[in-house]
Amino acid sequence: MLTISDVAFAYGDRAILHGVSFAVPRGHIVGLLGPNGSGKTTLLRIIAGTLAADRGRVDIDGVSVAAMSRRDIARRIAVVPQETHSTFDFTVEDIVLMGRYPHLGAFELEGADDRRIAHEALRATGTDTLAPRRFATLSGGEKQRVVIAGALAQASDALLLDEPTASLDLGAQLDIAALLARLHRERGTTMVVCTHDLNFAASLCAELVLIRDGRILARGETGSVLTPANVAALYDVRADVAFHPGAQHLTVVPIARA
């Protein structure tokens with residue numbers, strides 16, 4: 001469904017991405033892994049159409065994102081940013097209803113169907129009891145689930161998530177991982193997940209794309225890509241990688257700088 005072809009980008013004279021290419025099939029979860037400054041967030045912005053590539057293209061079902069309007073892109077792709085701040089004192093219900101805006105006409109207000117979809121998204125993320133609360137009063141984990149609910153209410157084909165577990169405590173990280181896995185299992189949601197957490201990626205993603213210095217280092221099924229050699233090449237860190245029978249997925253234990 002999503003095809004990234006030979007994408008290059010630079011901020012002024014500083015090259016960020018160098019001919020990045022990969023595909024995200026419909027219904028798959030693909031993880032983007034790489035050190036700080038590797039170009040992951042820039043790539044997400046290009047996929048979402050908020051940043052134009054200097055070279056290459058991003059297609060959704062064969063249609064170039066660059067040729068689509070912002071409203072049309074929002075109907076196809078929803079973004080869950082790393083940090084979400086609300087300037088105004090919105091309720092949780094208001095935040096989730098904002099996901100319906102791409103489907104409304106000019107000056108059109110949310111109708112009964114929009115509210116139904118928003119409340120379905122709240123229930124799906126376990127945040128329905130938070131609906132009347134002010135967004136600013138929520139914990140980090142609660143805010144992240146509400147933002148994901150807003151993305152679901154957007155009724156897009158794919159979710160792009162930028163560091164969805166950043167700054168969350170261990171319990172909240174597990175909650176977000178379980179939520180995303182359940183949404184994928186029950187709804188077949190296509191996701192591109194940008195993360196520094198290798199164990200989170202291993203628990204959730206069937207495929208990985210490893211990026212360093214704006215170039216793809218490796219890509220493919222998680223079991224074949226997440227190896228000690230690739231972790232060392234990606235982060236300059238020596239690590240043990242092994243299947244954990246209790247967690248039921250590969251786990252990564254960093255040992256030392258390579």
Side-chain angles (χ1 to χ4, degrees), residues 1-84 99 101-103 147-148 150-164 180 183-184 187-196 201 204-222 225 234:
M1 186 193 73
L2 276 174
T3 306
I4 294 87
S5 305
D6 194 31
V7 167
F9 182 82
Y11 288 108
D13 295 331
R14 186 164 64 95
I16 304 299
L17 297 170
H18 307 269
V20 172
S21 300
F22 64 95
V24 183
R26 183 178 296 275
H28 286 221
I29 304 180
V30 174
L32 294 181
L33 303 181
N36 290 328
S38 60
K40 303 187 304 300
T41 297
T42 297
L43 180 57
L44 280 191
R45 290 173 179 165
I46 291 172
I47 296 172
T50 58
L51 199 61
D54 295 331
R55 189 186 76 230
R57 58 186 284 161
V58 175
D59 292 338
I60 305 175
D61 291 337
V63 179
S64 173
V65 167
M68 300 170 66
S69 69
R70 288 299 312 149
R71 183 180 295 270
D72 286 340
I73 293 173
R75 289 172 177 167
R76 305 298 305 274
I77 296 175
V79 179
V80 177
Q82 183 173 346
E83 295 182 1
T84 302
Y101 286 177
H103 302 277
V147 173
I148 292 171
L152 291 180
Q154 200 168 317
S156 303
D157 297 319
L159 290 183
L160 306 183
L161 301 105
D162 191 5
E163 299 290 349
L180 295 177
L183 292 175
H184 178 255
R187 299 185 175 208
T189 306
T190 303
M191 302 181 200
V192 179
V193 184
C194 174
T195 181
H196 284 297
L204 182 67
C205 304
E207 301 167 41
L208 299 177
V209 176
L210 309 186
I211 300 178
R212 177 162 181 170
D213 298 327
R215 293 180 172 86
I216 292 182
L217 183 70
R219 64 187 176 195
E221 294 183 359
T222 298
V225 169
L234 192 63

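Hydrogens, waters and symmetry mates play no part in the numbers below; they use all other heavy atoms, side chains included.
- Residues Val65 and Ile60 form a side-chain contact, since some pair of their non-hydrogen atoms from C-beta on lies under 4.5 Å apart.
- Side-chain contact between Met191 and Leu180 is present, with at least one heavy-atom pair separated by less than 4.5 Å.
- The two residues Ile216 and Arg219 make their nearest non-hydrogen contact at CD1-NH1, 3.9 Å.
- Take Glu221 and apply the side-chain contact (heavy atoms from CB on, under 4.5 Å) test, not counting sequence neighbours, and it matches Ser224.
- Remark: side-chain polar atoms of Thr190 are paired, donor with acceptor, to backbone N or O of Gly27 under 3.5 angstrom.
- Among all heavy-atom pairs drawn from Leu33 and Ala201, the shortest one is CD2-CB, 3.8 Å.
- Contact annotation: the side chain of Ser38 never approaches that of Leu32 to less than 4.5 Å [non-hydrogen atoms, C-beta and beyond].
- The shortest side-chain heavy-atom distance between Leu2 and Ile77 falls under the 4.5 Å cut-off.
- For the pair Val192/Leu44, a side-chain contact is recorded, criterion being any heavy-atom separation below 4.5 Å from C-beta on.
- Checking His18 against Asp213 by side-chain atom types alone, no donor-acceptor pair falls below 3.5 Å.
- In terms of heavy-atom proximity, Thr42 sits nearest to Leu17 at CG2-CD1, 4.1 Å.
- Using a distance-only test at 3.5 Å, with no hydrogens or angles considered, no donor-acceptor pair links the side chain of Ser156 to the main chain of Ala158.
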**OP:** Check the pair Val30, Leu208 against side-chain contact (heavy atoms from CB on, under 4.5 Å), reporting the backbone distance first and the verdict last.
**Re:** CA-CA 5 Å; Val30 174; Leu208 299 177; over 6 Å; no
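- To the nearest 0.5 angstrom, Thr195 atom OG1 is 5.0 Å from Glu163 atom CD.
- Paired with Val58 under the rule side-chain contact (heavy atoms from CB on, under 4.5 Å), one option of Ile73, Val63, Ile4 passes, and it is Ile4.
- Atoms CG and CD1, on Leu217 and Ile211 in that order, are 10.0 Å from each other to the nearest 0.5 Å.
- Closest non-hydrogen pair, Ala53 versus Ile46, comes out as CB-CG2, 4.0 Å.
- Put simply, the side chain of His103 gets close to the backbone of Gln154: a donor and an acceptor are under 3.5 Å apart.
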Subject >> Candidate pair Arg57 and Asp59, rule salt bridge (charged side-chain N to carboxylate O under 4.0 Å, His left out), full reasoning >> reply: CA-CA 6 Å; Arg57 58 186 284 161; Asp59 292 338; 2.8 Å; yes
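- The two residues Val193 and Cys205 have their closest heavy-atom pair at CB-SG, 4.5 Å.
- Contact annotation: the side chain of Val80 never approaches that of Asp162 to less than 4.5 Å [non-hydrogen atoms, C-beta and beyond].
- Within the structure, salt bridge (charged side-chain N to carboxylate O under 4.0 Å, His left out) pairs that include any residue of residues 24-46 comprise Arg26-Asp61 (at least two apart or interchain).
- Atom-to-atom distance recorded for Thr41:OG1 and Leu160:CG is 11.0 Å, nearest 0.5 angstrom.
- Here the closest non-hydrogen pair linking Gly39 and Ile16 is CA-CG2, 3.8 Å.
- Between atom CZ of residue Arg75 and atom CE of residue Met68 there is a gap of 9.5 Å, rounded to the nearest 0.5 Å.
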Subject >> Step-by-step side-chain contact (heavy atoms from CB on, under 4.5 Å) determination, Phe22 to Leu43 >> reply: CA-CA 11 Å; Phe22 64 95; Leu43 180 57; 3.7 Å; yes
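- Side-chain contact check for Leu152 versus Arg187: some heavy-atom pair is nearer than 4.5 Å.
- Within the 4.5 Å cutoff, the side chain of Asp6 has heavy atoms near those of the Arg55 side chain.
- A distance-only check finds a donor-acceptor pair linking the side chain of Thr222 to the backbone of Ala206 [under 3.5 Å].
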